Amino acid sequence: MPVAGHVGSDYERLRPEFRVISNPFAPAERLMLVPPIRPDVSLIHAIAATADGTLLLDPMEDDALLAQASRVVVASTERVVGSRDELRLVGDGMILPGIHVTALVEAAGGARPTLVRGVYPADARHLEEYVAAAADDASFKRYLDRYVHG
Amino acid sequence: MACAIAREVRDGETVAVGTLAPIPASGVLLAHFTHAPRATVVILNHPDFWPFRNGSKEFYDYAQRGKFDLFFLSGGQIDRHGNLNLITVGDHARPTVRFPGGAGAAMLYYLPRRVIVFRAEHTPRSFVERVDTVASPGSSPPDVVRPGGPWKVVTPLCTFRFERAQARLVVEALQPGVTRAELQRQTGFALDYDPQAGVARAPSADELALLRTRVREAVARIYPRYAETAFDPSTS
């Protein structure tokens, strides 16, 4: 797919899969093409969902784009509601139709320690703890044992 | 820095501030609350200044259409030709420093009409003769579509103007109290000066008062930690 700009940067040297071509619609111009990213699986988290996988998503995030690019989409959600009308009443957001979603998991608090806008804020203290724990393997293992495997 | 940035914002323009940019956000809001009330202000994910409804994709698509008049970028390294490095320092295969990556900076340096580069650290390691890796070149040959590019570089010590014809940075104004000798010691390339180069106007009492009240409150909605500390009289 074409991307604006980029021509003449070191991306040409560092990313051989990026191609620079003559623009077929304006041959005097050079244009960069990049291969699309096609994730095998994406994991996204919804504010709410219906059982058919229709999701209410934060419009500030790129979750809908990620879902439409991926072969398999596993969505978690703060809660499951009965109908699309109820979904709209939950709050502000964009609706992603369930046809894009492979599997749905109800997981309240599933975005912690990051945020779900309108539901809970980011946990800054926990994020600081994570950053400190990620500094070396031993402290990171202790973090995983406590919060993930524990 | 915020006041220097505010003075570059023109009323009626569409001005956007991206990620990790509290200083430009402060400067743009200062301008918006004073001389640029009719500017369209876009601040990434700010509840009051983010019009888009389809993630950052909608923002990038809008930018690719060349719809922004003014945007802001930074660089781990910045060189005299206006090249920005957001990728790696040293040999790319075995880097001594790895920055977060360009994240669209190789498009956002080309399409907005004017780009102001900001850097809170003005030292010989950040302002270098030649960047190790070019994420965003300062200039492009004529067969590259590039309606915009670098306009100014704002640091705590000075403001550079980018001379497009010669693809180089020239010092336009020193911040009050900064000498040419000190600026040269803190810069990793030989400085060129605009013949009219002088001293930047110090922030006025009104500008400082507005920064510490309305601007601080608006910035706190997106950068709460920054707003807690950065507007103290002792630091700003």
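Labels below follow one simple rule: chain letters A, B, ... track the order of the sequence lines, proteins then strands, and each chain is numbered from 1. Since the structure is predicted, the reported quantities are computational estimates derived from the model, not experimental observations.
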Trainee: Can you say whether B:P224 sits under 4.5 Å from chain A via the side chain, the backbone, both, or neither, judging by heavy atoms?
Mentor: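 Contact with chain A is absent: no heavy atom of B:P224 under 4.5 Å.
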Trainee: A quick test of your reading: do over 12 heavy atoms of other residues, nucleotides or ligands sit less than 6.0 Å from CZ of A:R13?
Mentor: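 Yes, because the 6.0 Å sphere around CZ of A:R13 holds more than 12 heavy atoms from other groups.
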Trainee: So, does B:Y110 use its side chain to make a donor-acceptor pair with the main chain of A:V7 at under 3.5 Å?
Mentor: yes
Trainee: Write out, in numerical order, the residues from residues 53-74 of chain B with a heavy atom short of 4.5 Å from a heavy atom in chain A.
Mentor: B:R53, B:N54, B:G55, B:S56, B:K57, B:Q64
Trainee: Count the heavy atoms of every other residue, nucleotide or ligand shown that sit under 6.0 Å from CG of A:L89, and state whether that count exceeds 12.
Mentor: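 Enclosed.
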Trainee: Identify the two heavy atoms, one from A:L14 and one from B:H92, that lie closest to each other, and give their separation to 0.1 Å.
Mentor: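 What the structure gives for the nearest pair is CD2-CD2, 3.3 Å.
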Trainee: How about OH on A:Y130, more than 12 heavy atoms from neighbouring residues, nucleotides or ligands closer than 6.0 Å, or not?
Mentor: no
Trainee: Can you tell which part of B:L108 gets under 4.5 Å to a heavy atom of chain A, answering side chain, backbone, both or neither?
Mentor: neither
Trainee: Nearest 0.5 Å please: distance from the CG atom of A:D10 over to the OG1 atom of B:T88.
Mentor: 8.5 Å
Trainee: On a heavy-atom basis, which atom in B:A135 and which in A:S9 lie closest, and how many Å separate them?
Mentor: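 That closest heavy-atom pairing would be O-CB, 3.4 Å.
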Trainee: Take atom CG in A:D137; do more than 12 heavy atoms of anything else shown fall under 6.0 Å from it?
Mentor: no
